[in-house]
Q: 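This is the structure I want to talk about, given as structure tokens.
In what follows, chains are A, B, ... by sequence order, proteins preceding strands, each numbered from 1.
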2 protein chains.
Amino acid sequence: MKDKIYVHVADDHKILIEGIIAVINTDKEIEISGYSLTGKEVVDWFDNKNNKADVLILDITMPVLDGFEVLKHFNKKGIFLNVIILSSYDDIKIVQEMLKLGCKGYITKNNAGEHIVDAVKAVANGEQYFSNDIKNILLKSITSKNIAVGDTPNSFLIDTLTEREIEVLKLITKEFSSTEIADVLNIAISTVETYRKKLLKKLNVKNSVGLAMYAVKNNIV
Amino acid sequence: MKDKIYVHVADDHKILIEGIIAVINTDKEIEISGYSLTGKEVVDWFDNKNNKADVLILDITMPVLDGFEVLKHFNKKGIFLNVIILSSYDDIKIVQEMLKLGCKGYITKNNAGEHIVDAVKAVANGEQYFSNDIKNILLKSITSKNIAVGDTPNSFLIDTLTEREIEVLKLITKEFSSTEIADVLNIAISTVETYRKKLLKKLNVKNSVGLAMYAVKNNIV
DNA sequence: ATTTAGATACCCATTTATGGGTATACGTGT
DNA sequence: ACACGTATACCCATAAATGGGTATCTAAAT
């Protein structure tokens, strides 16, 4: 009923890649179209237009570029991949950061074998997939606030803020006026006002309150 | 090893309350200390200092005051209860709203029987509890953004705001200017500005951004 | 009956923010 | 060599917000 699912695997341990290939080869629907041992290789592989993959299985700890940097790179380029994080980290902060960066699945290495095929099929199908331990820590993290809300899909694809813009934005949320921000950052008030204008435009909000609300919604503060 | 867990049940269907009592009575650790058929009754029951419960099982659809309003009332009063929502709604928006209002558990009526005892014990113990279907929709809702983050627990309203002040505050967080707020509420701009002054003073913040941040931190929005 | 809290509205003046430009300087990558 | 993004800074004008008052009306509480 549908084409094969092509998968690219990235992990700095060759043996783990071989394991994943072995597992995935047991399923006729899925095929490995490439693999990488460093983040740099991943980026380069996808830069080549001849290479294509429906799903990227991505380790976090890798030489040259780590998993975070790889996703940031793709986000910046506006490249939208179905990414499954395969990591031994089960720290909530890391999982959240990866979700913010747009990953669609997250499985831990402990029980990768039993999950990998299902995970690949799920994310290739536009769904999300988490291994049970990740599910648990995600649920635990749900408190009385800041519940996940289905936003504009892939809203990370919009205008990326520069470091300085984020710096200004953070100070705005701390109730600083332009004068005070200029003081703290040692720049002219006019410059701060330039940043305010850029922020308003990039984030498409009406005023400083909108900036603050954006910052909150997007975990910038 | 520990005292009994006292539970108050609120649902407008008497038969459902009876069912819950029957289920809960099978467990020696838990005891029903009261029940209510409307939201108003719940509020009144807890207003009486002689009444106490460790856990409140709360329906959403109820006459006089619904579940949302009951939780809002307790939040406003600074009353902190371990609340389990028992509802037939499994809409993500509703679950999220209830979590924002501070509920500690959420189970659907489909499979209440098999979950109710575990849920009560969990929330009485300070943990969270969700039935499997709720777990699933919560996980589904986790997108690339707005992941749950553990905040300051129970930071309720200090200086009580009036209804009108809260109304204005909410509009401020929606990026409305004073002119627009005056328009929406059909009052003079000068009146809106009076509210802004009062809000700034009561909440002890410097500007509108401070108001917005306060509103977010305190679940007003 | 009198106080109190809340909603409403205006006066004044000053400070900030917004919206439209333009412009220079620096570094990266093609 | 040149384009591009980023950080910086200024011009202009208008809109909005802030900070200090005072004041009236109503409903609820004492």
Q: Can you check the Leu199(A) CG to dT6(D) C1' distance for me, whole Å?
A: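 The distance from CG of Leu199(A) to C1' of dT6(D) comes to 13 Å, rounded to the nearest Å.
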Q: Hey, are Glu180(B) and Lys206(A) close enough for a salt bridge, meaning a charged N less than 4.0 Å from a carboxylate O?
A: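 Salt bridge: yes.
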Q: Is it true that Glu29(A) and Lys121(A) make a salt bridge, defined as a side-chain N closer than 4.0 Å to a carboxylate O?
A: yes
Q: Is the shortest side-chain N/O distance from Tyr195(A) to OP1 or OP2 of dT8(D) below 4.0 Å?
A: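 The answer is yes; a side-chain N or O of Tyr195(A) sits under 4.0 Å from OP1 or OP2.
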Q: Rounded off to whole Å, could you give me the NZ-to-P distance for the Lys206(A) and dT16(C) pair?
A: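 Whole-Å distance recorded here is 23 Å.
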Q: Please determine whether a side-chain nitrogen or oxygen atom of Thr191(A) lies at a distance below 4.0 Å from atom OP1 or OP2 of dA9(D).
A: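 Yes, Thr191(A) has a side-chain N/O under 4.0 Å of OP1/OP2 on dA9(D).
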Q: What's the CZ-P distance between Arg196(B) and dG21(D), to the nearest Å?
A: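 The answer, rounded to whole Å, is 20 Å.
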Q: Return yes if a side-chain donor-acceptor contact under 3.5 Å exists between Ser33(B) and His8(B), otherwise no.
A: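 Looking only at side-chain atoms, His8(B) and Ser33(B) do not form any donor-acceptor pair under 3.5 Å.
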Q: Mark yes when over 12 heavy atoms from residues, nucleotides or ligands other than Tyr89(B) sit less than 6.0 Å from its OH; otherwise mark no.
A: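 No.
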Q: How is Ile189(A) classified with respect to the nucleic acid when contacts are heavy atoms under 4.0 Å: base, sugar-phosphate, or nothing?
A: nothing
Q: Check every atom of dA9(D), dC10(C), dA17(D) against the side chain of Ala188(B) and return the nucleotide holding the closest atom.
A: dC10(C)
Q: Need one value for Ser208(A): base, sugar-phosphate or nothing, where a base atom within 4.0 Å counts as base even if backbone is also close, heavy atoms only.
A: sugar-phosphate
Q: Atom CD1 of Ile172(B) to atom P of dA17(C): distance rounded to whole Å?
A: 15 Å
Q: Answer with base, sugar-phosphate or nothing: what part of the nucleic acid does Ser190(B) contact at a heavy-atom distance below 4.0 Å?
A: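 Since a base atom lies under 4.0 Å of Ser190(B), the category is base.
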Q: Considering every strand and a 4.0 Å limit on heavy-atom distances, what is the contact class for Ser178(B): base, sugar-phosphate, or nothing?
A: sugar-phosphate
Q: What is the distance, rounded to the nearest whole Å, between atom CG of Leu185(A) and atom C1' of dA7(D)?
A: 12 Å
Q: Closest heavy-atom contact between Val23(A) and Ile116(A)?
A: CG1-CG2, 3.4 Å
Q: OP1 or OP2 of dA7(C) sitting under 4.0 Å from any side-chain N/O of Arg164(B)?
A: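 Looking at the OP1 and OP2 atoms of dA7(C), neither is under 4.0 Å from any side-chain N or O of Arg164(B).
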Q: So, for Glu165(B) and Lys198(B), which heavy atoms are closest and what is the spacing to 0.1 Å?
A: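 For Glu165(B) versus Lys198(B), the nearest heavy atoms are OE2-CD, 3.6 Å.
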Q: Less than 4.0 Å between a side-chain N and a carboxylate O, is that true for Asp59(A) and Lys109(A)?
A: yes
Q: The helix from dA1(C)-dT30(D) to dT30(C)-dA1(D): angle between its terminal axes, five pairs each, to 10°?
A: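 So the angle between the two local helix axes works out to 40°.
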Q: Whole angstroms only, please: what is the CD-C1' distance between Glu180(A) and dA17(C)?
A: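 Atom-to-atom, Glu180(A) to dA17(C), this comes out as 14 Å.
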Q: In whole angstroms, how far is the C1' atom of dT18(C) from the CG atom of Asn207(B)?
A: 15 Å
Q: Mind checking if Glu163(A) touches a base, just sugar-phosphate, or nothing, with heavy atoms under 4.0 Å?
A: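 Sugar-phosphate, no base atom in range.
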Q: With a 4.0 Å limit, can you tell me whether Ser177(A) has a side-chain N or O closer than that to the phosphate oxygens OP1/OP2 of dT15(C)?
A: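 Answer is no, no contact under 4.0 Å.
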Q: Let me spell it out: for each of Lys198(B) and Phe176(A), pick the nucleotide of DNA chain C with the closest heavy atom. Which residue's pick is nearer the 5' end?
A: Lys198(B)
Q: Can you check the Lys197(B) NZ to dA9(C) C1' distance for me, whole Å?
A: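 Roughly 10 Å, once rounded to whole Å.
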Q: Taking all non-hydrogen atoms of both residues into account, name the closest pair between Leu16(B) and Leu86(B) and its distance.
A: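 In this case the closest contact between Leu16(B) and Leu86(B) is CD2-CD2, 3.7 Å.
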